[in-house]
Amino acid sequence: MTPYDQIFENNRRWAEEQLRADPEYFHRLSREQRPDFLYIGCSDSRVPANQIMGLAPGDVFVHRNVGNLVNNVDLNVMSVIFYGVRHLDVKHIIVCGHYGCGGVQAAMQPKDLGILNPWLRNIRDVYRMYKAELNAITDEAKRYDRLVELNVIEQSINIIKTAAVQKSYLKRGYPIVHSWVFDMNTGTLKDLKLDFKKTLETIQEVYDLTGESNQQEWPPDPLPRSK
Ligand code: ZN
């Protein structure tokens, strides 16, 4: 059996096992999704969202891209955040980076990387913002690790800049944005303890999108939670 065909065999067995344990499993799963968590992580094959969080299908809404970036003109990630907050009512949004990230490492190199340039520039911008702190770290591996962390924090801040998150938090007290790093050497998640409330207040000095004229869009139109 080829590795490709093996996938369908794996799938058949998995579906059978689920049904054996719970005959109503897929019936319930297909009705709707109501995850409490939105996870934005790296596409790296070694960082599977559900597995590292110990969560089952239906528990976490997931978006992944190279370098776990939240770029304000990326319609993809912005749609995921909007849908997650306004229609799925997620309570927590997590940005999860990982040590040893190829995207972050590539961004640290002074090289023309073709079509990757505009994407990785988001990470190079993070380096520029924290240049003094990063350049003070003489150990290159430690500097790389720190850029992974700072990138996660800056992407979390980008989420806090969105109207969807600011308005929802003002009205309902959620979602809370978290910054995590996965260490694949130990399999553990590290919470960088982003102070969400304080960060939101600081952000709103410049990026406040919750004023009177912005309130008419609430509450959201009812959109289906499943396709
Ligand atoms: Zn990565």
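Position 1 is the first residue of the sequence; numbering continues from there. It should be emphasised that the depicted structure is a prediction, and the values quoted were computed from it without experimental measurement. Order of listing sets the numbers, starting from 1, for every ligand and every atom in it.
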Participant: Run the salt-bridge test on Glu16 and Arg12 with the 4.0 Å N-O cut-off and return the result as yes or no.
Facilitator: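 Looking at Glu16 and Arg12, the cut-off is met.
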Participant: Tally every protein N/O/S atom whose distance to the Zn ion (ligand 1) is less than 2.8 Å; waters are neither shown nor counted.
Facilitator: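 For the Zn ion (ligand 1), protein nitrogen, oxygen or sulfur atoms under 2.8 Å: 3.
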Participant: Scan residues 104-115 for pairs that pass side-chain hydrogen bond (donor to acceptor under 3.5 Å, both in side chains), counting only residues two or more places apart or in two chains.
Facilitator: Asp112-Asn117
Participant: Before accepting this row, confirm whether a basic side-chain N of the pair Glu201/Lys198 lies closer than 4.0 Å to the acidic partner's carboxylate O.
Facilitator: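 No.
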Participant: By the rule that ILVMFWY residues connect when side-chain heavy atoms come within less than 4.5 angstrom, directly or transitively, which residues belong alongside Val73?
Facilitator: none
Participant: Could you walk me through whether Asp44 and Arg64 pass the salt bridge (charged side-chain N to carboxylate O under 4.0 Å, His left out) test, one step at a time?
Facilitator: CA-CA 9 Å; Asp44 194 302; Arg64 294 168 69 181; over 6 Å; no
Participant: Pairs in or reaching into residues 7-30: which pass ring-ring contact (aromatic ring centres under 6.0 Å, His included), with residues at least two apart or in two chains?
Facilitator: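 Sorted pair list: Tyr4-Phe8, Trp14-Phe26.
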